[in-house]
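All residue numbers in this chain count up from 1 along the given sequence. Heavy atoms only: backbone and side chains are in, while hydrogens, waters and symmetry mates are out.
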Amino acid sequence: MLKEFKEFIARGNVMDMAVGIIVGSAFTAIVKDLVAYLINPLIGLFIGKIDLSNIVFTVGAAQFKVGAFLNAVINFLIIAFVVFLLVKGMNVFRSKKEEEPQEEKPSAEVQYLKEIAETLKQQNAPATVKNNGDEKDH
């Protein structure tokens with residue numbers, strides 16, 4: 001079982017996934033700080049509060065932390081937009097790569113088969129015989 005685990009971990013796609021998760025978590029931290037320290041203060045200037053995360057509605061004993069929810073929504077929208085741009089960029093890159101004509105040279109077997117087919121066509125062509133100026137097929 002340990003051998004199978006080592007093979008699983010050594011696969012390229014598992015390593016790519018691990019790198020993606022690590023980079024994604026670091027990116028999430030950057031976006032959180034962007035929202036908390038730059039975007040929220042800008043929004044707070046317009047609505048009269050500097051820190052959105054402190055917006056709380058209290059009904060009875062229940063507290064509704066609307067500001068924290070707004071922070072999460074803003075984080076999500078920024079991350080989703082960046083992922084959209086990344087996917088769009090990758091699609092453009094892939095479509096350009098696919099558009100490039102890649103001429104594949106036929107394999108030796110295909111070339112030999114074409115030569116054989118051409119030879120057979122020439123051998124099976126109807127023979128024409130000239131007889132007093134008239135041509136006849138045999």
Under 3.5 Å, side-chain donor or acceptor atoms of residues 117-124 against the rest of the protein: list the pairs with distances, not counting sequence neighbours.
residue	atom	partner	partner atom	Å
T119	OG1	E115	O	2.9
N124	ND2	L120	O	3.3

Single-linkage hydrophobic cluster [X]~[Y], side-chain heavy atoms < 4.5 angstrom:
X: V59; Y: V66; value: yes
X: I55; Y: F64; value: yes
X: F69; Y: F57; value: no
X: L77; Y: I74; value: no

Rounded to the nearest 0.5 Å, what separation is found between the [atom1] atom of [X] and the [atom2] atom of [Y]?
X: K88; Y: M90; atom1: NZ; atom2: CE; answer: 15.0 Å
X: I78; Y: L34; atom1: CD1; atom2: CG; answer: 5.0 Å
X: N75; Y: L70; atom1: CG; atom2: CG; answer: 11.0 Å

Atom pairs and distances, donor-acceptor, side-chain atoms in residues 20-29, under 3.5 Å, two or more places apart:
residue	atom	partner	partner atom	Å
S25	OG	I21	O	3.4
S25	OG	I22	O	2.8
T28	OG1	G24	O	2.8

